[in-house]
There are 2 protein chains.
Amino acid sequence: MPTIHDVAKKAGVAPITVSRVINNSGYVSDHVRTKVNAVIDELGYVPNVIARSLKSKRTNTIALVITDITNPFFNILARGVEDAAFKAGFNVIICNTDESQEQEDNYIQLLLQKRVDGILLVPAETHSQSIELLRKHNTPVVIIDRYVENGGVDVVRGDSESGAYQLTKFLIDLGHKRITLLSGPDTVSTSIDRVRGYKQAMCDHHLNEFVDYFYGKYSQESGAQLTREIFSRKEKPTAIFGGNNLVSIGALSALRQMGIKVPDDVAVVSFDDIPESLSYDPFMTVISQPPYAIGQKATEILVSRIKNDQDVPVEFQEVVFPVELIVRESSGGKVN
Amino acid sequence: MPTIHDVAKKAGVAPITVSRVINNSGYVSDHVRTKVNAVIDELGYVPNVIARSLKSKRTNTIALVITDITNPFFNILARGVEDAAFKAGFNVIICNTDESQEQEDNYIQLLLQKRVDGILLVPAETHSQSIELLRKHNTPVVIIDRYVENGGVDVVRGDSESGAYQLTKFLIDLGHKRITLLSGPDTVSTSIDRVRGYKQAMCDHHLNEFVDYFYGKYSQESGAQLTREIFSRKEKPTAIFGGNNLVSIGALSALRQMGIKVPDDVAVVSFDDIPESLSYDPFMTVISQPPYAIGQKATEILVSRIKNDQDVPVEFQEVVFPVELIVRESSGGKVN
DNA sequence: CTTAATTATGGTACCGTTACCATATTATCA
DNA sequence: TGATAATATGGTAACGGTACCATAATTAAG
């Protein structure tokens with residue numbers, strides 16, 4: 001593979017001159033420029049950005065550390081990231097942690113070695129030592145989807161608390177009292193916020209005695225299992241609030257197995273929508289977050305951090321996207 | 001950020017010795033090793049793999065160039081790639097081309113500059129100059145999901161032709177004659193193969209006169225639009241065969257808008273399943289491909305190509321995964 | 001016409017690692 | 001006991017670029 005030296009030699013100039021042609025920097029005569037470009041084409045020379053990075057200390061690469069690219073929320077978010085990154089001249093390395101702190105740590109270590117210019121992180125736990133580590137190495141981070149206890153980071157997320165409140169209130173207004181929330185891990189801010197919003201709504205409507213929620217996992221299995229457990233109790237809920245799309249789908253499939261009809265026997269509502277491009281007949285009443293916009297915004301902030309390197313320390317932002325209640329069939333109608 | 005020299009200085013040894021400690025290579029006394037490791041921890045030294053790459057000419061990074069990470073087929077495939085890559089010690093850069101040859105070219109150029117060790121490519125067109133370019137630069141490629149006219153590449157894909165045949169035959173066995181196939185772009189091997197399998201099935205059952213197919217795009221909009229066009233003709237089909245999941249969902253939504261009932265008024269079948277984790281009530285009769293396995297296998301082949309660098313030229317493989325017919329409601333029952 | 005500014009090009013060193021070779025010390029063996 | 005091998009460590013150069021400084025040639029200015 002030819003190097004800048006090969007090109008220089010063949011064109012009869014110094015390597016630095018070729019560098020100037022490639023980067024359109026400094027002074028180069030038209031005559032030399034033409035000659036050099038001709039040689040570049042002839043040899044099929046492609047600049048080695050590794051070498052460039054070593055000098056410039058920039059890799060033009062960012063990393064997106066999420067739990068699972070397979071989750072529609074995250075893959076749409078990833079698309080928002082990729083589009084914004086490409087526009088800004090960055091490539092994106094994708095890492096799946098499956099909510100495992102250990103896997104997150106592994107990746108952060110690798111990414112530090114790779115000297116990525118910045119990291120978009122969905123942290124596995126609310127107290128993130130990853131952030132401290134990255135700070136120590138001057139690697140900009142933007143936290144997505146969740147917030148953390150550590151201060152001094154940019155955060156871009158949806159409004160889980162308000163969303164949960166709205167969804168719960170919606171059910172209450174329909175006449176539901178026994179509403180069970182199947183939340184995610186209690187180490188994750190979204191799970192906690194959703195519980196908080198739910199509790200607040202129950203409390204505001206004097207339904208404290210009916211407050212009933214579980215922390216589990218953000219997975220189909222967790223949703224299904226918790227649903228089975230709930231329906232094995234004496235008091236059955238009249239409504240189930242799934243902590244995210246996977247949990248809710250798990251709940252629905254468990255209910256179907258048990259022969260319980262939705263929404264006739266029990267109402268089901270959910271956090272996170274299934275993209276309309278994937279469901280031929282949207283059925284679930286949901287709180288919908290804008291994953292594409294979240295990914296895009298987070299990337300823009302990260303890029304600005306990367307570029308502003310040594311500038312005046314701009315204040316850290318917390319961007320909270322509003323969420324939207326979408327009413328469909330699964331929540332059913334008024335309850336007496 | 002500390003370098004190997006800083007560590008060496010502080011530990012009172014030469015940089016090369018630190019290198020030996022990091023890489024567990026050569027001879028290092030226990031005493032020195034302990035000392036060096038202590039300094040590494042103290043300074044928070046993280047090896048710079050950029051510099052390492054410059055020497056070793058390995059980046060431990062591969063790229064996955066797909067059309068759209070948002071498509072469930074590709075995001076599950078991406079997960080298979082990421083898992084296999086991580087296991088082999090590689091990171092994955094994701095690139096979305098949206099079926100645009102221009103965007104593909106852009107990315108290939110960037111990836112060459114980045115000196116990725118290999119590329120997994122879903123080519124936009126059947127004659128791929130990307131492959132020639134990569135070959136010229138000695139960058140291993142594995143083609144996924146589609147085949148190309150150029151020889152001398154590894155290909156990992158699903159069996160579109162047989163799948164389309166099975167699906168068409170299934171409809172024919174139900175008594176359908178007027179079966180319309182809404183395929184993808186005619187520049188893409190899967191679209192062409194699906195048409196071929198469909199035609200073959202029609203032909204084998206003496207339904208040549210009913211052969212009716214369209215090349216469009218692999219998108220919801222394309223599916224919806226073609227469906228509207230078809231139903232504005234005098235002769236309406238009794239079954240629609242969507243070229244992929246997005247096309248089929250587009251078809252379903254167009255049918256719903258027109259008040260045409262599925263499967264009562266028209267049967268609908270599709271290539272590519274929606275993962276069960278995303279659909280609470282699977283409805284569509286489909287041919288299902290194994291995207292995770294495809295991604296995984298392709299990555300394994302790519303990694304072996306990368307590692308075998310200068311070995312005897314192993315013959316190129318074409319791995320064709322079998323597909324599976326999954327019968328659900330959308331195809332309805334026997335037709336008289 | 002001298003001086004200064006602009007244009008054009010090149011030399012050298014360095015970014016952070018590691019391969020290769022050299023050297024020194026200790027252990028092993030005939 | 002001297003020779004050989006194994007162990008332990010370091011010096012130097014190179015990977016492929018570019019920043020910085022220097023120099024030469026041309027143009028503009030006074």
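Computed from a predicted model, the values in this text were never measured in an experiment.
Annotation: side chain to side chain contact (heavy atoms under 4.5 Å, CB included) contacts of Pro185(A) (sequence neighbours excluded): Thr187(A), Val188(A), Ser191(A), Tyr218(A). Partners of Thr126(B) by side chain to side chain donor-acceptor pair (under 3.5 Å), not counting sequence neighbours: none found. Considering only residues two or more places apart in sequence or on other chains, Gln317(A) meets the side chain to side chain donor-acceptor pair (under 3.5 Å) condition with none of them. Shown here are the side chain to side chain donor-acceptor pair (under 3.5 Å) partners of Tyr147(B), two or more places apart in sequence or in another chain: Asp193(B). Every side chain to side chain donor-acceptor pair (under 3.5 Å) that Arg157(B) has, sequence neighbours left out, goes to Glu318(B). Residues meeting the side chain to side chain contact (heavy atoms under 4.5 Å, CB included) test with Asn60(B), sequence neighbours left out: Lys114(A), Phe90(B), Asp117(B). Under the side chain to side chain contact (heavy atoms under 4.5 Å, CB included) criterion, Ala11(A) pairs with Val13(A), Lys35(A), Val36(A), Val39(A), sequence neighbours left out.
At a cut-off of 3.5 angstrom, the base of dT18(C) holds at least one donor-acceptor pair with the side chain of Lys55(B).
If you measure from atom CG of Leu54(B) to atom C1' of dC14(C), you get 12 Å, rounded to the nearest angstrom. Rounded to whole angstrom, the span from the CZ atom of Arg115(A) across to the C1' atom of dT17(C) amounts to 11 Å. Going from atom CD1 of Ile50(A) over to atom P of dT18(D) covers 13 Å, rounded to whole Å. For the pair Lys57(B) NZ and dT17(C) P, the computed distance is 18 Å after rounding to whole Å. For the pair Ile4(B) CD1 and dA14(D) P, the interatomic distance rounds to 19 Å; values are reported in whole Å. Note: CG (Asp6(B)) to P (dC15(C)) measures 10 Å, nearest angstrom. For the pair Arg52(A) CZ and dG16(D) C1', the interatomic distance rounds to 10 Å; values are reported in whole Å. Computed from coordinates, the Asn48(A) CG to dA14(D) C1' distance equals 14 Å when rounded to whole Å.
Using modelled atom types, one finds no donor on one side chain facing an acceptor on the other under 3.5 Å when comparing Asp83(B) with Gln296(B). For Arg79(B) and Asn75(A), the side-chain atoms include no donor-acceptor pair closer than 3.5 Å.
Taking 4.0 angstrom as the limit, Asn23(B) places a side-chain polar atom (N or O) nearer than this to OP1 or OP2 of dT18(C).
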Protein and nucleotides 7-10 of chain D: nitrogen or oxygen contacts under 3.5 angstrom:
residue, atom, partner, partner atom, Å
dT7(D), OP2, Tyr27(B), OH, 2.7
dT9(D), OP1, Ser29(B), OG, 3.0
dT9(D), OP2, Ser29(B), N, 2.7
dT9(D), OP2, Ser29(B), OG, 3.1
dG10(D), OP2, Ala14(B), N, 2.8
dG10(D), OP2, Thr17(B), OG1, 2.6
dG10(D), N7, Arg20(B), NH1, 3.4
dG10(D), O6, Arg20(B), NH2, 2.8

Are any protein N/O atoms closer than 3.5 Å to N/O atoms in nucleotides 27-29 of chain D? If there are, list each pair with its distance.
none

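Within the structure, ring-ring contact (aromatic ring centres under 6.0 Å, His included) contacts touching residues 107-132 of chain A (residues at least two apart or in different chains) are Tyr107(A)-Phe86(B). Residues in residues 25-55 of chain A take part in no ring-ring contact (aromatic ring centres under 6.0 Å, His included) pair, two or more places apart or across chains.
Between its two ends, the helix from dC1(C)-dG30(D) to dA30(C)-dT1(D) turns its axis by 40°, counting five pairs per end and rounding to 10 degrees.
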